Structure formats: C-alpha cells, structure tokens
Amino acid sequence: RQMTSEKNRDPLPTHCFAVVIVRNKRGQYLCVEETRDRGWWLPAGRVEPGETFEFAAHRETKEEAGIAIELKGVLRVEHTVKRGFNRMRVVYYAEPIDEAAPLKSIPDEESLGAKWMTLDEVRELNNERKLRGDELIVWGKYLKGGGTIWPMGIFGKEIDLPKPDQKPVAPSTKD
C-alpha cells in the first residue's frame with residue numbers, strides 16, 4: 001500500500017453508532033420492534049453531532065424503548081473501514097434503572113414498541129424471521145458464558161486517564 005503525504009489526505013467521514021444490550025434482573029433482554037418492517041432488534045442508533053457514545057446510548061434506549069438505563073460497561077468497540085467512510089460502534093451492557101417502568105407501547109418514528117424477552121423467545125423470533133439480526137442472541141450467549149464487561153472508563157476522552165482500580169465486571173450467567 002502506498003503511503004499518502006500528509007498534505008494530500010482528506011478527512012474520512014466516520015459514522016458512529018451506540019448499541020445497547022439491556023438485561024433485567026430476571027435475565028430478560030430489552031427488544032425493540034423497529035419501524036419500516038425491519039423486525040425486532042435492540043436499542044441502537046447513530047451518535048448525533050455533539051453527542052458522546054454514552055449519551056447516544058441513553059437517548060436511543062429512551063426513544064426506542066421508553067426507559068432509562070444505567071450503563072454498566074462496554075462489551076466491544078468496533079471499527080470497520082468501508083469504501084469512502086469508516087463505521088464505528090460501541091456496544092454497551094446496561095440494566096434498567098427501574099425494573100417496573102413501563103416499556104414503550106405507542107408507535108412513533110423511532111420504534112413500534114418494546115418488550116422484555118428471554119433468549120429463547122428471541123431465538124424463536126429469529127426462527128420466524130422476525131428478528132432484524134442475530135446480534136442479541138450472540139451477545140446473550142456471550143454474557144451467559146461469562147464474557148467480559150469492560151468498565152465504562154475503558155472508553156474515554158483524549159487525555160482522560162483510567163482510574164487505577166477499574167477492572168472488568170464479571171457478568172451474571174443468569175439467562
């Protein structure tokens with residue numbers, strides 16, 4: 001690959017997204033019924049100008065599912081190079097602030113509604129081709145298998161140093 005001189009480099013647009021895996025104390029996952037016949041998925045969306053990934057995660061969950069969450073950690077940071085742009089996603093693990101809070105039930109441009117589901121119920125939607133993608137199943141299996149939840153401080157602003165006592169969170173293996 002040929003190196004490009006610094007003078008000739010144009011900035012490459014990066015499309016940023018926050019994705020949120022929300023699990024309650026009963027081991028159910030928050031699923032969102034998407035608009036435009038895209039099926040069920042999880043709270044997620046583009047990071048708007050001026051927002052942090054963390055703010056976008058809270059905003060998207062509130063808009064699409066109607067509830068407030070507590071971000072517990074980061075599951076993954078993804079960066080993909082595409083033709084003419086980059087795509088970056090931060091996948092968060094979260095829990096509802098209020099387990100009894102009602103989920104969104106009135107459709108709007110963000111979603112048709114939301115529902116708590118077990119992994120078995122999500123798999124059934126996948127079998128019926130009513131699931132936008134199998135990502136929630138993959139992350140559910142990851143968490144059930146004891147996958148690492150990285151501390152929120154792993155993803156910070158430039159120059160911010162992590163606290164010395166930050167360690168990965170051990171997930172519950174509850175399903």
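Keep in mind that this is a model prediction, so the values were computed, not measured. Residues: numbered from 1 along the sequence shown.
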Scanning both residues in full, the closest heavy-atom pair of Val74 with Pro151 reads CG2-O, 4.4 Å
Value for CH2 (Trp139) from CG (Leu75), rounded to nearest 0.5 Å, stands at 5.0 Å
Expected output: side-chain Tyr142 to main-chain Thr148 donor-acceptor under 3.5 Å | yes
Determine whether Val122 and Val32 fall in the same hydrophobic cluster, where Ile, Leu, Val, Met, Phe, Trp and Tyr are linked whenever their side-chain heavy atoms lie under 4.5 Å apart.
-> no
Give the minimum heavy-atom separation between Thr35 and Glu109, together with the two atoms involved.
-> CG2-O, 3.6 Å
Shared hydrophobic cluster for Met152 and Val20 (ILVMFWY, side-chain gaps under 4.5 Å) = yes
About how many Å separate CD of Gln28 and CD of Glu121, when rounded to the nearest 0.5 Å?
-> 7.0 Å
Exactly one candidate in Asp98, Leu30, Ile97 meets side-chain contact (heavy atoms from CB on, under 4.5 Å) with Ile67; the answer is Leu30
Can Leu71 be reached from Phe17 by stepping across I, L, V, M, F, W or Y side chains whose heavy atoms are under 4.5 Å apart?
-> no
side-chain hydrogen bond (donor to acceptor under 3.5 Å, both in side chains) partners for Glu34, two or more places apart = Arg38, Arg132
One should read off an interatomic distance between Lys72 NZ and Glu95 CD, to the nearest 0.5 angstrom, of 4.5 Å
If you round to the nearest 0.5 Å, how far is CZ of Arg89 from CD of Glu135?
-> 4.0 Å
Check whether NZ of the Lys or CZ of the Arg Arg23 lies under 6.0 Å from the centre of the six-membered ring of Tyr93 and within 45 degrees of that ring's axis.
-> no
With a 4.5 Å limit on heavy-atom distance, are the side chains of Leu42 and Val19 in contact?
-> yes
Decide whether Leu112 and Trp116 are clustered together by the hydrophobic rule: side chain heavy atoms of Ile, Leu, Val, Met, Phe, Trp, Tyr closer than 4.5 Å, transitively.
-> no
Where do Thr52 and Val47 come nearest, in terms of heavy atoms and distance?
-> O-CG1, 3.9 Å
Taking side chain as C-beta onward, heavy atoms only, is Leu125 less than 4.5 Å from Met117?
-> yes
Rounded to the nearest 0.5 Å, what's the gap from SG on Cys16 to NE2 on His79? Could you check?
-> 8.5 Å
Go through the steps to decide whether Glu124 and Lys130 satisfy the test side-chain contact (heavy atoms from CB on, under 4.5 Å), and finish with yes or no.
-> CA-CA 9 Å; Glu124 186 60 33; Lys130 293 181 181 174; over 6 Å; no
Taking every heavy atom of Gly84 against every heavy atom of Pro13, the minimum-distance pair comes out as O-CD, 3.6 Å
Have a look at Ser111 and tell me which of Glu64, Lys104, Glu33 forms a side-chain hydrogen bond (donor to acceptor under 3.5 Å, both in side chains) with it.
-> Lys104
Which atom pair, heavy atoms only, marks the closest approach of Asn24 to Glu99?
-> CB-OE1, 3.1 Å
Indicate, with yes or no, if Val77 and Val138 share a hydrophobic cluster defined by side-chain heavy-atom contacts under 4.5 Å among Ile, Leu, Val, Met, Phe, Trp and Tyr.
-> no
So CZ of Phe53 and CE of Met88: to nearest 0.5 Å the spacing works out to 4.5 Å
If you count the non-hydrogen atoms of other residues, nucleotides and ligands that lie under 6.0 Å from CD1 in Ile106, is the total more than 12?
-> no
Are the side chain of Tyr29 and the backbone of Ile21 linked by a donor-acceptor contact shorter than 3.5 Å?
-> no
Quick one: does His15's side chain get under 4.5 Å of Lys82's, heavy atoms only?
-> no
For Tyr92 and Ala57, the nearest pair of non-hydrogen atoms, with its separation, is CD1-CB, 3.7 Å
